[in-house]
Every structure is written in structure tokens, then in C-alpha cells.
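Note that this is a predicted model, so its numbers are computed, not measured. FYI, side chains are in, hydrogens and waters are out, and symmetry mates aren't considered; it's all heavy atoms of this structure.
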Amino acid sequence: MAELRDGRARLVLAPDKGGAIARYDALVGSARVPLLRAGDGTGTSGCQLLVPWSNRISGGGFTFDGLFHAIEPNVPGETFPIHGDGFQKPWRLASHTDTEAELTLDDGAIGPYRYAASVTYTLQDGALEARLIVENRAGMRLPYGLGFHPWFPRVARTTLKAKAQRVWLEDERHLPVGVAPVAEHPWWDFSQTSLLPAGWVNNGFSGWDGHATIVQPGRISVSLTASPTLDVYILYSPSPDAGFFCFEPVSHPVDAHHGEGLTVLEHGQAMSATMQLDWTVTD
């Protein structure tokens with residue numbers, strides 16, 4: 001584990017567990033208020049790094065430039081490969097100060113992908129910036145994607161504001177089966193501050209403006225800002241009593257290897273994405 005502090009927040013990193021965030025706490029007086037669901041950074045807590053793509057790939061792999069590239073499922077219980085392998089590998093702590101740390105991964109390898117990645121976490125006046133970079137080292141051009149997978153606490157009156165134009169509908173395999181204007185599904189319209197849905201939600205939202213606000217009543221308000229690369233978000237919440245929900249800024253829709261939204265990188269080319277989290281105390 002590695003820890004950052006700046007007097008207003010505390011960040012605990014887990015380099016050996018996918019370079020993940022294990023804890024991000026606001027320091028309010030003598031209290032620590034969890035901004036993310038606290039844990040060890042794996043599974044259902046903290047924030048995972050999604051590289052070299054986000055979410056699921058169907059069909060046993062994908063075809064690109066006339067070649068089929070097979071990818072095996074990488075998570076027990078999952079039918080499809082999901083989220084790449086960056087979250088499953090140990091990262092190296094390359095540098096570390098009180099308020100900034102850089103982690104690197106030199107041996108990313110899943111399916112046809114061979115890549116290097118780095119992430120820089122910075123605390124400033126309590127706010128967090130995470131900048132993720134991937135470089136294609138596969139010896140051929142390939143489509144890449146990036147994302148962040150934060151887990152937020154969910155309480156009875158947690159609200160979300162995140163303006164998007166379209167929502168992707170999913171089937172029982174958690175794959176997209178079409179896209180519709182958000183206006184046609186008002187229970188998923190977060191253009192104004194809204195309570196989280198009472199039922200299952202596991203959908204992608206595109207045409208997102210890169211800003212979101214999450215309010216935990218009587219505790220904390222979190223402002224999330226994503227770089228233009230991350231113009232899609234995935235909202236996942238199994239139920240109101242689960243105690244958590246996920247708001248994932250990503251660079252492409254689910255199963256984009258059979259659709260659109262990925263970024264083609266030549267060998268040696270790189271892409272980057274940034275997520276910022278800031279907070280204020282609520283009344």
C-alpha cells in the first residue's frame with residue numbers, strides 16, 4: 001500500500017492490486033468521510049483502472065484489419081472477457097511524495113494486446129486527479145480504450161446529476177441491444193439532480209458532457225470531471241440496499257470491439273484519460 005495526504009484528504013493506493021485506489025477519504029475535522037467505498041481496491045471497493053479496454057467483449061474476441069483476435073474470459077463467473085487485464089496485474093510504484101504517486105505497468109498482455117501503462121495520482125487541496133496512459137507495444141495497430149471504475153457509497157437519498165443524450169439498453173448477457181434517447185427513459189435521466197433508480201441498472205450513457213455530481217445527504221457532495229476522451233459513463237447499481245453504486249467514466253460503450261468508440265493506436269502510439277474528484281461538505 002502507498003498513502004497520500006494533503007491535510008484535507010487521504011488516498012490509499014494498492015499498487016499490487018491493479019494500481020487501484022483502496023481508499024479516498026475526506027478529512028473533516030477529526031472525522032474521515034469515505035468518498036469511495038472503502039476496501040482493499042479489489043472487487044467491490046475503491047477504484048479500479050480499466051485498460052486496455054472497458055467492460056465486455058462478446059464473440060470470443062474481435063476482428064480488426066481482417067484478423068480475428070481471440071480473447072478468453074478473464075474473471076470467474078463471467079462469460080466474456082471484461083475490463084482488460086490492467087486491474088488484475090501488480091503495478092510498480094515508480095515515484096511517491098506526500099501528495100503524488102506514479103504507478104507503472106510494463107507487461108500488459110491479454111489476447112493480442114501488449115502494452116505499457118502508467119497512472120499518476122495527485123492530491124491538491126483535498127481534490128484527486130488520476131491520469132491514466134496506455135502505450136501500444138503489440139507490434140501492430142489495435143483498438144484501445146480506457147476508463148476508471150470507482151465504487152461510491154449509496155444511502156437512502158443518494159442523488160446523481162450527469163447529463164447525457166443517449167442510454168444503451170442491455171440484454172440478459174449485459175451486452176448492448178440498442179441505444180435510445182434518454183428522454184424516452186425518464187427514470188434514467190440524470191440531466192437534473194435525481195435519486196438513483198430503485199431497480200437494477202447496468203447501462204452505458206453516451207453524449208455525456210464529462211461532469212457529474214453525487215450527493216450523499218448530510219455528509220458529502222462529490223464532483224466528478226472527466227477529460228474529453230471519457231465521453232461515456234456506465235452506471236451500475238444492483239439495488240437500493242446494496243450499499244454502493246458505480247459511476248464509471250470510460251472512453252467507449254460496452255462491446256465496442258463489435259461497434260464503435262475505440263481509439264486505434266499504431267505500435268508505439270499512446271492515449272490518455274483523466275478523472276478528477278473534488279468534494280464539499282453538505283448541510
Side-chain angles (χ1 to χ4, degrees), residues 1-6 9-27 32 34-56 71-78 81-111 113-124 127-138 144-153 230 234 236 244 246-251 270-277:
M1 296 283 186
E3 185 172 319
L4 307 182
R5 285 177 178 263
D6 72 349
R10 170 182 179 248
L11 187 73
V12 179
L13 306 175
D16 62 332
K17 296 179 179 178
I21 296 171
R23 296 188 65 105
Y24 177 34
D25 299 328
L27 304 178
R32 293 180 181 174
L35 301 171
L36 299 176
R37 191 184 199 206
D40 61 3
T42 60
T44 59
S45 64
C47 177
Q48 287 77 47
L49 302 174
L50 308 182
V51 58
W53 78 84
S54 158
N55 221 280
R56 294 167 175 83
I71 306 182
E72 297 292 325
N74 59 329
V75 173
E78 285 284 351
I82 185 169
H83 294 329
D85 66 331
F87 75 103
Q88 296 176 311
K89 289 181 172 289
W91 292 49
R92 179 174 62 88
L93 184 61
S95 64
H96 184 202
T97 68
D98 288 344
T99 58
E100 183 172 287
E102 180 184 9
L103 283 60
T104 60
L105 174 65
D106 296 319
D107 61 347
I110 183 169
Y113 291 98
R114 302 294 182 270
Y115 66 92
S118 67
V119 62
T120 302
Y121 295 109
T122 306
L123 282 182
Q124 184 173 3
L128 166 66
E129 179 178 278
R131 184 168 188 259
L132 179 61
I133 303 172
V134 63
E135 179 188 331
N136 179 12
R137 293 185 177 177
Y144 279 77
L146 293 174
F148 297 93
H149 196 307
W151 301 75
F152 293 97
L230 306 176
I234 309 294
Y236 169 59
F244 72 86
C246 299
F247 185 95
E248 308 161 37
V250 298
S251 64
M271 66 178 292
S272 65
T274 301
M275 177 185 71
Q276 296 172 325
L277 296 174

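- Among residues two or more places apart in sequence or in another chain, the side chain to side chain donor-acceptor pair (under 3.5 Å) test is passed with Arg137 by none.
- Residues Pro73 and Ile82 fail the side-chain proximity criterion, which asks for heavy atoms closer than 4.5 Å.
- Residues Leu13 and Trp91 fail the side-chain proximity criterion, which asks for heavy atoms closer than 4.5 Å.
- Between Cys47 and Pro150, the shortest heavy-atom contact is SG-N, 3.7 Å.
- Shown here for Leu36 and Pro153, the closest heavy-atom pair between the two residues is C-CD, 3.9 Å.
- Annotation: side chain to side chain donor-acceptor pair (under 3.5 Å) contacts of Tyr24 (sequence neighbours excluded): none.
- The line from CG of Leu132 to CG of Leu146 is 5.0 Å long, rounded to the nearest 0.5 Å.
- With rounding to the nearest 0.5 Å, the separation of CG in Leu123 from OH in Tyr121 is 11.5 Å.
- Inter-residue side-chain proximity for Leu128 and Ile21 is flagged as met; some heavy-atom pair is nearer than 4.5 Å.
- A heavy-atom distance below 4.5 Å is found between the side chains of Asn74 and Ile110.
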Which donor-acceptor pairs under 3.5 Å do side chains of residues 97-105 form with protein atoms, sequence neighbours excluded?
residue : atom : partner : partner atom : Å
Thr97   : OG1  : Thr99   : N            : 3.3
Thr97   : OG1  : Glu100  : N            : 3.0
Thr97   : OG1  : Glu100  : O            : 3.4
Glu100  : OE1  : Thr122  : OG1          : 3.1
Thr104  : OG1  : Arg92   : NH2          : 3.3

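- Note: Phe247 CZ to Met275 CE = 10.5 Å, rounded to the nearest 0.5 Å.
- Annotation: salt bridge (charged side-chain N to carboxylate O under 4.0 Å, His left out) contacts of Arg37 (sequence neighbours excluded): none.
- When all heavy atoms of Ser272 and Ile133 are compared, the pair lying nearest together is CB-CG1, 3.8 Å.
- Pairing each heavy atom of Ser251 with each of Gly145, the nearest pair is OG-CA, 3.3 Å.
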**OP:** Tell me, with the steps shown, if Arg131 and Val119 meet side-chain contact (heavy atoms from CB on, under 4.5 Å).
**Re:** CA-CA 5 Å; Arg131 184 168 188 259; Val119 62; over 6 Å; no
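- Looking at residues two or more places apart in sequence or on another chain, you find a side chain to side chain donor-acceptor pair (under 3.5 Å) between Asn136 and Tyr144.
- When the ring pair (Phe, Tyr, Trp, His ring centres under 6.0 Å) test is applied to Trp151, the partners found at least two apart in sequence or on another chain are His149, Phe244.
- The side chain to side chain contact (heavy atoms under 4.5 Å, CB included) check on Gln124 picks up nothing, with sequence neighbours excluded.
- The CZ atom of Phe152 sits 10.0 Å away from atom CD of Glu248, with the distance rounded to the nearest 0.5 Å.
- The shortest heavy-atom contact between Ala273 and Phe148 is O-CZ, 3.9 Å.
- Side-chain atoms of Asp85 do not come within 3.5 Å of backbone N or O of Gln88 as any donor-acceptor pair.
- Partners of Arg5 according to the salt bridge (charged side-chain N to carboxylate O under 4.0 Å, His left out) rule, which considers only residues two or more places apart in sequence or in another chain, are Glu3.
- Here the closest non-hydrogen pair linking Pro52 and Tyr113 is CG-CG, 3.7 Å.
- Taking the side chain to side chain contact (heavy atoms under 4.5 Å, CB included) definition, one finds that Ala127 meets it with Asp278, sequence neighbours left out.
- Looking only at side-chain heavy atoms (C-beta outward), Glu78 and His83 stay at 4.5 Å or farther from each other.
- With sequence neighbours excluded, the residues forming a side chain to side chain donor-acceptor pair (under 3.5 Å) with Asp25 are Arg10, Arg23, listed by chain and number.
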